> 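Sharing a structure, written as structure tokens. Questions coming.
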Amino acid sequence: MSSLDRKLIRELWRLKAQVLAIALVIASGTALLIMALTTIEALEETTAAYCERTRFADVFAQAKRAPEHLGRDIANIPAVRLAETRIVEGAIVDMPGFAEPVVAQLLSLPERGPELLNALVIRSGRLTDPTRPNEVVVSEPFAEAHDLKPGDSFSAVLRGRKRTLQVVGTALSPEFVYAIAPGGLMPDDERFGVLWMGHDALAAAFDLKASFNSVTLDLLPGADEKDVIRRLDGLLAPFGGIGAYGRADQTSNWFLESEIAQQKNMSRIMPTIFLAVAAVLTNMVIARLIETERHEIGLLKAFGYSNLAIGWHYAKMVLTIGTIGILIGSLLGAWLGHWNTELYTKFYRFPFLLYRPGPAGFVIAGAISLGAALAGSLAAVRRAVRLPPAEAMLPPSPPIYRRSWASRTALAGALDEPSRMIVRRIIRWPVRAFLASLGLAMSIAVLIMALQWVDAIDALAETAFERGQHQDATIAFNDLLPIHTAGDYEHLPGVLAAEPYRHASARISHGHIVERQGIIGVPSGAILSPVFDVERGRIELPPGGLVLSRKLAELLHVSAGDTVGVELLEGRQARLSLPVARVSKPILARPPTWTWRR
């Protein structure tokens, strides 16, 4: 062992408290980065495997009522590998022991053979028997929320008729990893569930014999999804099609992919804060160590040690501190990554977890952590290397003090002596003061990022449910009703006011940019569900124009006064050209809300 190495060991032991503090900060940043990278890797791998094993569809479409033979034409669309028609309907469920009505989504199962697409993962029990029309398979989250198991039964209203349904199994589906009710803000397993029935039983209940109202497609590799959607819309248009969409726009998958994207953003923000703090601390410790070892550096150079050897000595000290932090952070990050991925698996209801972190995440985290530590000590090490032996043997030159502009101001006379000393020190060493402030700022930033979620969720709930929505109940209908029907609900006992609104799917375009979103029509002067802007409050709708969410305006590259194309995907599927009257900041960014005045 060389003399410099023995010196390094002595210094590490003498500065063990500072070394441990810096190593723990580096470990925190490394652990967060490894946790984020391994979570992203596990989520992407688990999602891909789940979609592949259950044959998750690439394209989804709905219609009002299409004949069953149309399925052959859909399957013959170029680039379509598989096409499966089905029935999708809604129902009101009366759960024993639960006072509120529950909304359920009913999907049909093939009468013969397994599902071609979106195959169920049976968790308990079995699939339905085609000869028993009242049997259903229940989504596992809904079953757990209401303590349902095979053999239990409950009542449901299917197209105005009350029936008793028997649970024969529980299952998970790739289509509902994030099971959210239509119009809901987040999953509520007590008030929304997914049920699967036999195709013939569901067709008989909703008068859809020899018909379907939903179809899913699996495409060949390299297929042009937009062309398939265009052809599919053309086939379904005469039968009330409301516009096909790809997997990226499927609600459950959209939320999952957005969560993965959020993890990627967090992997860049949180670790950066910790590693920036580590860089500042490393710079402070190494700089002070070099200042106290000026004589030793001079002696080492006088005995023939080169500048490279001196610089490598202090660099090895930084590398040792960084390595300790990386080892601790790697162990902690691997555990946190597995724990975090398990949370996502339970929340998104994956039937299995593939957590097999590869070396890439650990190598990237280690390289970034070491780079941050070395970058923080670079300036101090450079000063040690450039210090001439003769100058190093002398005490440091005293700083040259001059009368600064601050001492000539009236403020200087008003300060006491300790305050003037503080101000002078900050002015004379601005970089050091800035780095110290930066370290404190990064520490506070970590706390704020962790605590702001509570305030953000509270503010969102207050804005959405107290300031933006004043209704006590919302009633949705399967079919369009005349607008005067709203008056009938105003005469119900206890009802003070009722307002109608219309929601339709639409494609909004500006130039070559097209976004599939919803457009909402509300009455003039709406009070119960007004168009609400987070910054400006209630917005009065302009006649003949659109109020566009700020996010959607950014996606379309439009502003107030521009004209956009609107293709309604329901009814007569009209094509309109409408001006953007105002761009607002709605309560929620997804989906961007369009509102027009009747």
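Because the structure is a prediction, the values reported are computed rather than measured. Just so it is clear, the values below take in all heavy atoms, side chains as well, and ignore hydrogens, waters and symmetry mates.
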> Taking atom types as modelled, find out whether Glu68 and Thr85 have a side-chain donor-acceptor pair closer than 3.5 angstrom.
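A donor-acceptor contact under 3.5 Å links the two side chains.
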> Apply the salt bridge (Lys or Arg N to Asp or Glu O under 4.0 Å) test between Arg86 and each candidate in Glu175, Glu115, Glu111; give the one that qualifies.
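By the salt bridge (Lys or Arg N to Asp or Glu O under 4.0 Å) criterion, Arg86 pairs with just one of Glu175, Glu115, Glu111: Glu175.
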> Nearest 0.5 angstrom please: Leu117 CG to Leu217 CG, how far?
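Here the rounded value is 8.0 Å.
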> Residues two or more places apart in sequence or in another chain: which of them pass side-chain hydrogen bond (donor to acceptor under 3.5 Å, both in side chains) with Arg349?
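With neighbours one apart ignored, the set is Glu140, Glu144.
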> Would you find a donor on one side and an acceptor on the other, under 3.5 Å apart, between the side chain of Asp58 and the backbone of Leu219?
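Side chain of Asp58 to backbone of Leu219: a pair is present.
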> Rounded to the nearest 0.5 Å, how far does NZ of Lys551 lie from CG of Leu548?
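So the gap between those two atoms works out to 12.5 Å.
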> Does Asp233 reach the main-chain N or O of Arg230 with its side chain, forming a donor-acceptor pair under 3.5 Å?
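A pair under 3.5 Å: no.
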> Determine the sole option in Phe347, Tyr344, Tyr348 for which the side chain to side chain contact (heavy atoms under 4.5 Å, CB included) test with Leu256 is passed.
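Going through the options one by one, the only one that passes is Tyr348.
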> Minimum heavy-atom separation for Ser153 and Thr164, please, with both atom names.
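Residues Ser153 and Thr164, closest heavy atoms: CB-CG2, 4.1 Å.
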> If the condition is side chain to side chain contact (heavy atoms under 4.5 Å, CB included), which residues does Arg231 pass it with, not counting sequence neighbours?
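Side chain to side chain contact (heavy atoms under 4.5 Å, CB included) check on Arg231 returns Ile77, Pro78, Asp227.
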> What residues form a ring-ring contact (aromatic ring centres under 6.0 Å, His included) with Phe239, not counting sequence neighbours?
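If we apply the ring-ring contact (aromatic ring centres under 6.0 Å, His included) test to Phe239, skipping adjacent residues, there are no hits.
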> Sequence neighbours left out, what passes ring-ring contact (aromatic ring centres under 6.0 Å, His included) with Phe362? Give chain and number order.
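Partners of Phe362 by the ring-ring contact (aromatic ring centres under 6.0 Å, His included) criterion come out as none, since no residue qualifies.
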> First locate atom CG of Leu165, then atom CG of Leu148, and finally report the distance between them rounded to the nearest 0.5 Å.
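If I round to the nearest 0.5 Å, the distance is 11.0 Å.
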> Anything under 3.5 Å between a donor and an acceptor, one on a side chain of residues 191-204, the other on a protein residue two or more places apart or in another chain? List them.
from, atom 1, to, atom 2, distance (Å)
Arg191, NE, Glu100, OE1, 2.9
Arg191, NH1, Asp188, OD2, 3.1
Arg191, NH2, Glu100, OE2, 3.1

> Parallel, tilted or perpendicular: which one describes the rings of Trp339 and Trp335, with boundaries at 30° and 60°?
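Answer is parallel, since the angle falls under 30°.
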> Does atom CG of Asp472 have more than 12 heavy-atom neighbours, drawn from other residues, nucleotides or ligands, at distances under 6.0 Å?
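No, CG of Asp472 has 12 or fewer neighbouring heavy atoms, counting only those of other groups under 6.0 Å.
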> What residues form a side-chain hydrogen bond (donor to acceptor under 3.5 Å, both in side chains) with Glu225, not counting sequence neighbours?
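Glu225 satisfies side-chain hydrogen bond (donor to acceptor under 3.5 Å, both in side chains) with no residue once adjacent residues are dropped.
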> Once ring-ring contact (aromatic ring centres under 6.0 Å, His included) is applied, do any residues pair with His338, and if so which ones, sequence neighbours excluded?
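ring-ring contact (aromatic ring centres under 6.0 Å, His included) check on His338 returns Tyr355.
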> Please walk me through it: do Thr47 and Val177 pass side-chain contact (heavy atoms from CB on, under 4.5 Å)?
CA-CA 10 Å; Thr47 301; Val177 292; over 6 Å; no
> Under 3.5 Å, is there a donor-acceptor pair between the side chain of Arg65 and the main chain of Asp207?
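Yes: the side chain of Arg65 pairs with the backbone of Asp207.
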> Once you round to the nearest 0.5 Å, how far does CG of Leu568 lie from OG of Ser505?
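The OG atom of Ser505 is 9.5 Å from CG of Leu568, to the nearest 0.5 Å.
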> Is the count of non-hydrogen atoms from other residues, nucleotides or ligands lying under 6.0 Å from Leu492 atom CG greater than 12?
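It does: Leu492 CG has more than 12 such atoms within range.
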> Which residues pass the side-chain hydrogen bond (donor to acceptor under 3.5 Å, both in side chains) test with Gln250, sequence neighbours left out?
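Counting only residues at least two positions away or on another chain, Gln250 forms no side-chain hydrogen bond (donor to acceptor under 3.5 Å, both in side chains).
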> For a salt bridge (charged side-chain N to carboxylate O under 4.0 Å, His left out) check, start with the C-alpha distance between Arg247 and Asp218, then their side-chain angles and the critical distance, and finish with the verdict.
CA-CA 10 Å; Arg247 182 191 293 184; Asp218 182 40; 5.6 Å; no
> Any donor and acceptor pair, going by atom type alone, linking the side chain of Arg123 with main-chain N or O of Gly169 inside 3.5 Å?
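Not a single qualifying donor-acceptor pair exists.
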> Quick one: ring-ring contact (aromatic ring centres under 6.0 Å, His included) partners of Tyr245, sequence neighbours excluded?
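So Tyr245 forms a ring-ring contact (aromatic ring centres under 6.0 Å, His included) with Phe60.
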> Tell me which pairs pass ring pair (Phe, Tyr, Trp, His ring centres under 6.0 Å) where either residue lies in residues 85-130, with sequence neighbours left out.
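Applying ring pair (Phe, Tyr, Trp, His ring centres under 6.0 Å) to every pair that reaches into residues 85-130, excluding sequence neighbours, yields Phe98-His146.
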> Rounded to the nearest 0.5 Å, how far does CZ of Arg126 lie from OG1 of Thr170?
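Taking OG1 in Thr170 and CZ in Arg126, the distance rounds to 12.5 Å.
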> May I ask you to decide if Ala91's main-chain N or O and Arg159's side chain share a donor-acceptor pair within less than 3.5 Å?
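A pair under 3.5 Å: no.
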> Describe, in one word, how the ring planes of Phe352 and Tyr50 are oriented to each other, choosing from parallel (under 30°), tilted (30 to 60°) and perpendicular (over 60°).
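Geometry flag for Tyr50 against Phe352: perpendicular rings.
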> Quick check for you: to the nearest 0.5 Å, what is the distance between Asn134 atom CG and Asp129 atom CG?
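Those atoms lie 12.0 Å apart.
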> Going by side-chain hydrogen bond (donor to acceptor under 3.5 Å, both in side chains), name the residues that satisfy it together with Gln62, two or more places apart in sequence or in a different chain.
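By the side-chain hydrogen bond (donor to acceptor under 3.5 Å, both in side chains) rule, Gln62 matches no residue at all.
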> Would you please name every residue forming a salt bridge (Lys or Arg N to Asp or Glu O under 4.0 Å) with Glu44, sequence neighbours left out?
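Expected list: Lys264.
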> Report the C-alpha distance between Thr39 and Gln263 in whole Å, list the side-chain angles of each, state the deciding distance to 0.1 Å, and finish with yes or no for side-chain contact (heavy atoms from CB on, under 4.5 Å).
CA-CA 8 Å; Thr39 299; Gln263 277 289 321; 4.1 Å; yes
> Would you say the side-chain atoms of Thr46 pair up with the backbone N or O of Leu354, donor to acceptor, closer than 3.5 Å?
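Yes, Thr46 side chain to Leu354 backbone: donor-acceptor pair under 3.5 Å.
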